[in-house]
Enquirer: 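Structure below; questions to follow.
Along the sequence shown, the residues carry numbers beginning at 1.
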Amino acid sequence: PVFAGMNGSAIENFSCVIYNIFLMNCTWQAGRDAPADTQYFLYWQNSRADKEMECELYIKDENSRNIGCRFQNVEIEITYFLVNGSSKDSLIQFYDEYIDLYKIEILTAPFNVTAHCTRDSAGCIIRWHPPLISHVKNVQCFEYEINIQNK
């Protein structure tokens, strides 16, 4: 059955974030009604043609229960995540979700920001390089906001 397992045993509050271009953390909380010995396991797959893979670096809580996963060298795609669990006391419901990874990336700030100001009517010329990211090839897709404050 699709939802076999004890109600309330599946993980809750699953979320993922990509940072520093190719690193990703996914975290979750144990199901509110999961037995104390429940251990969770995360599997992910980029496409149906790709092999399903298990998390290689789990984040653990104080009881050594898996509550997250760290990923390196992430490629931006639509990814399928599945978190299932096991317990000697009960069947554990699974949790699954498809995520468009580009939607969860925390962008770095623009870099090499320079400002050249003159006292005449030309004002200031501010230049920068776009942030380093993994998924957008066209930097014209970015919009920037400049907040200038007098000191």
Side-chain angles (χ1 to χ4, degrees), residues 2-88 90-116 124-149:
V2 172
F3 294 106
M6 182 176 71
N7 286 338
S9 62
I11 63 160
E12 299 175 350
N13 300 319
F14 181 81
S15 69
C16 298
V17 64
I18 294 175
Y19 60 98
N20 290 348
I21 305 168
F22 295 109
L23 301 176
M24 180 170 69
N25 281 0
C26 293
T27 57
W28 59 83
Q29 294 172 330
R32 64 188 169 283
D33 295 327
D37 75 329
T38 302
Q39 184 59 281
Y40 295 102
F41 304 95
L42 181 140
Y43 297 88
W44 60 279
Q45 185 175 21
N46 277 331
S47 72
R48 291 183 191 268
D50 288 345
K51 181 180 158 197
E52 185 179 79
M53 308 214 331
E54 184 178 357
C55 172
E56 293 181 0
L57 184 60
Y58 282 106
I59 301 166
K60 297 182 177 287
D61 66 10
E62 62 278 356
N63 299 318
S64 292
R65 181 184 286 182
N66 298 335
I67 57 166
C69 182
R70 288 189 174 95
F71 296 86
Q72 298 178 9
N73 301 318
V74 173
E75 293 182 19
I76 300 295
E77 296 186 37
I78 297 174
T79 301
Y80 174 70
F81 293 94
L82 170 78
V83 181
N84 63 21
S86 66
S87 166
K88 66 180 185 330
S90 174
L91 289 175
I92 305 300
Q93 289 181 330
F94 70 88
Y95 172 91
D96 66 340
E97 181 176 356
Y98 285 93
I99 298 177
D100 286 326
L101 296 187
Y102 78 90
K103 293 180 180 179
I104 62 168
E105 183 172 8
I106 296 174
L107 300 177
T108 61
F111 64 99
N112 286 348
V113 177
T114 60
H116 178 71
C124 294
I125 296 174
I126 302 171
R127 298 175 195 240
W128 60 86
H129 291 280
L132 299 173
I133 58 170
S134 58
H135 66 279
V136 174
K137 305 299 182 220
N138 185 355
V139 294
Q140 279 69 26
C141 293
F142 285 99
E143 291 183 15
Y144 298 92
E145 180 178 312
I146 299 174
N147 183 350
I148 300 174
Q149 299 178 2

Enquirer: What is the distance from atom OH of Tyr58 to atom CZ of Phe41, rounded to the nearest 0.5 Å?
Expert: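 Here the interatomic distance stands at 6.0 Å.
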Enquirer: Could you tell me which non-hydrogen atom of Asp61 sits nearest to which non-hydrogen atom of Asn63, and how far apart they are?
Expert: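 Of all heavy-atom pairs spanning Asp61 and Asn63, the closest is OD1-N, 2.9 Å.
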Enquirer: Working to the nearest 0.5 Å, report the span between CG of Asn25 and CD1 of Ile59.
Expert: 4.5 Å
Enquirer: Give, for atom OG1 of Thr108 and atom CG of Asn20, the distance between the pair rounded to the nearest 0.5 Å.
Expert: 8.0 Å
Enquirer: Side chains of Gln45 and Tyr43: any donor to acceptor distance under 3.5 Å?
Expert: no
Enquirer: Could you check whether atom CD1 of Ile126 has more than 12 heavy atoms from other residues, nucleotides or ligands sitting under 6.0 Å from it?
Expert: yes
Enquirer: Report the residue from Tyr80, Phe71, Phe14 that forms a ring-ring contact (aromatic ring centres under 6.0 Å, His included) with Trp44.
Expert: Phe71
Enquirer: Rounded at 0.5 Å granularity, tell me how far CG in Leu42 sits from CG in Leu57.
Expert: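 If I round to the nearest 0.5 Å, the distance is 12.0 Å.
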Enquirer: Which atom names give the shortest non-hydrogen contact between Phe81 and Met24, and what distance separates them?
Expert: CZ-CE, 3.8 Å
Enquirer: Show, in sequence, the C-alpha distance, side-chain angles and deciding distance for Gln93 and Asn7, and conclude whether the side-chain contact (heavy atoms from CB on, under 4.5 Å) test is met.
Expert: CA-CA 7 Å; Gln93 289 181 330; Asn7 286 338; 3.1 Å; yes
Enquirer: Using side-chain heavy atoms (C-beta onward) and a distance below 4.5 Å, is Met6 in contact with Pro35?
Expert: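 Yes, close enough: below the 4.5 Å cut-off.
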Enquirer: Working to the nearest 0.5 Å, report the span between CG of Leu101 and CD of Glu77.
Expert: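 Going from CG on Leu101 over to CD on Glu77, the span is 8.0 Å.
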Enquirer: Of all the heavy-atom pairs spanning Pro130 and Phe111, show the shortest one and how long it is.
Expert: O-CE2, 3.1 Å
Enquirer: Does the SG of Cys69 lie under 2.5 Å from the SG of Cys26?
Expert: no
Enquirer: Check the side chains of Asp33 and Ser9 for a donor-acceptor pair under 3.5 angstrom, ignoring hydrogens and angles.
Expert: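 Not at all, the side chains of Ser9 and Asp33 share no donor-acceptor pair under 3.5 Å.
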Enquirer: I need the minimum non-hydrogen distance between Asn66 and Tyr40, along with the two atoms involved.
Expert: ND2-O, 2.8 Å
Enquirer: Counting C-beta onward and ignoring hydrogens, is there a side-chain heavy-atom pair between Thr27 and Ser15 closer than 4.5 Å?
Expert: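 In short, these two side chains touch, coming nearer than 4.5 Å.
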Enquirer: Within the 4.5 Å heavy-atom criterion, are Ile104 and Ile18 side-chain neighbours or not?
Expert: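 Sidechains of Ile18 and Ile104: in contact.
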Enquirer: Output the distance between atom CZ (Arg65) and atom OG1 (Thr38), rounded to the nearest 0.5 Å.
Expert: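 Going from CZ on Arg65 over to OG1 on Thr38, the span is 5.5 Å.
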